[in-house]
Amino acid sequence: MPEPGELVFEAPKRGKPPVHLLDLDQAQRRQAVVDLGLPAFRADQVSRQWLTRLSDDVDEWSDVPADQRATIQGALLPTLLTPVRVIDCDAGATVKTVWKLHDGALVESVLMRYPGRVTVCISSQAGCGMNCPFCATGQAGLTRNLTTAEIVEQALAGARSLQRGEVAGGPGRVSNIVFMGMGEPLANYNAVVGAVHRLNDPQPGGLGIGARGITVSTVGLVPRMKQLADEKVPLTLAVSLHAPDDELRDTLVPVNTRWNVGEVLDAAWGYTDATGRRVSIEYALIKDINDQAWRADLLADLLVGHLVHVNLIPLNPTPGSKWTASRPEDERTFVRRLEARGIAVTVRDTRGREIDGACGQLAATTA
Ligand code: SAH
């Protein structure tokens, strides 16, 4: 168990899962196929099957000779995720899956269907090293980083089950991916950026989801935020602020002792300058902790005039936590104070609460 305030930036080293097609970009896939003694164009066919047709059953791949299918499956398509528990709510419109990885580590992903869009919330690490006291994932510490393929497969699993019509509402497509499951995405930078490219790359190399549809949420790892801006990685950045003042943020988001509110917001504005994309500020409303009207005003002072949107999240309950969501009247006041300063605000829904699938509740227990 992590000590209070302890931060873990380097994930423990464990045996890596076998290499998977999705770890590779299109050029690397062609090379891998050639290394197997097969023609390079097989890589394009396999990519089309896996990522465009969403077919994970090689027996259906009638454009590839049967013996070559087996070779490719054996070398490039190991099973990375095995579902150990699937649980839904909202009459089947919200589905949480607990996945077991090759080494037994557990992660969770959540599919949420809304009128006109489907969002899959995916994990980037098994556990998390950032130790935010109001988040269930942080309480058990960091087990390991996920690979690019382990991250992308969570999104693809959602896409396949939607295509097969397994989600209430009939067959559909994934429109949005949010890196808001377990883990701190920017603490697993290379694998996450690889996954973002795979999600964004045009078909057949990737899933072809636009940057606006891919959101990466961070506690505020400033050097990595700067790197995202420099590299113009195609995504929407969300920053977990949760407090406008360092005194409180030091306790809610312990990494604030390393990079404070001013530094995190400067990095966020650097990102908007570099990309022209609006940054999202996440703020979990915790009763009598960070929901005072004066804190709304202070938050507005920091944000006003910037390309920004505030996403308020009513605190979701986690085991053993003494905190709870704000009173409705305090939430309303908080919203109004921000809006009065011309700041765009939305209140995130609490989808999946009853299945421990909402923000901050992912702890990957099989119970
Ligand atoms: N590690 C990343 C992404 C994971 S969580 C990050 O912290 O940004 C996605 C969002 O849910 C974050 O804003 C996180 O602070 C928030 N969150 C965590 N626990 C929560 C809880 N109990 N209730 C509401 N939001 C929570």
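Remember, predicted model here, so these are calculated numbers, not experimental data. Whatever order the structure lists them in is the order used to number ligands and atoms, beginning at 1.
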Student: Is the closest side-chain donor-acceptor distance between Asn311 and Thr346 under 3.5 Å?
Tutor: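 Yes, because at least one side-chain N or O of Asn311 sits under 3.5 Å from a partner of the opposite role on Thr346.
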Student: Under 4.0 Å between a side-chain nitrogen and a carboxylate oxygen: does that hold for Asp297 and Arg341?
Tutor: no
Student: Check for me whether Arg351 meets the cation-pi criterion with Tyr114, that is, NZ or CZ under 6.0 Å from the six-membered ring centre and within 45 degrees of the ring axis.
Tutor: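 Yes, cation above the ring, under 6.0 Å and within 45°.
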Student: Tell me the salt bridge (Lys or Arg N to Asp or Glu O under 4.0 Å) pairs involving residues 138-151, sequence neighbours left out?
Tutor: Asp103-Arg144, Arg144-Glu150
Student: What are the distances between nitrogen or oxygen atoms of ligand 1 and protein nitrogen or oxygen atoms, counting only those under 3.5 Å?
Tutor:
residue: ligand 1; atom: 1 (N); partner: Gly183; partner atom: O; Å: 3.0
residue: ligand 1; atom: 1 (N); partner: Glu184; partner atom: OE1; Å: 3.2
residue: ligand 1; atom: 7 (O); partner: Ser240; partner atom: OG; Å: 3.4
residue: ligand 1; atom: 8 (O); partner: Ser217; partner atom: OG; Å: 2.6
residue: ligand 1; atom: 8 (O); partner: Thr218; partner atom: N; Å: 3.4
residue: ligand 1; atom: 8 (O); partner: Ser240; partner atom: OG; Å: 2.5
residue: ligand 1; atom: 13 (O); partner: Ser240; partner atom: OG; Å: 2.6
residue: ligand 1; atom: 13 (O); partner: Glu282; partner atom: OE2; Å: 3.2
residue: ligand 1; atom: 15 (O); partner: His242; partner atom: NE2; Å: 2.6
residue: ligand 1; atom: 22 (N); partner: Phe134; partner atom: O; Å: 2.9
residue: ligand 1; atom: 22 (N); partner: Asn316; partner atom: O; Å: 2.9
residue: ligand 1; atom: 23 (N); partner: Asn316; partner atom: N; Å: 2.9
residue: ligand 1; atom: 23 (N); partner: Cys359; partner atom: O; Å: 3.4

Student: Run through His242, Arg249, Glu247 and flag the one making a side-chain hydrogen bond (donor to acceptor under 3.5 Å, both in side chains) with Asn256.
Tutor: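 By the side-chain hydrogen bond (donor to acceptor under 3.5 Å, both in side chains) criterion, Asn256 pairs with just one of His242, Arg249, Glu247: Arg249.
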Student: Answer yes or no: is there an ion pair linking Arg160 with Glu153, defined by an N-O contact shorter than 4.0 Å?
Tutor: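 Looking at Glu153 together with Arg160, the answer is yes, because their closest N to O distance falls below 4.0 Å.
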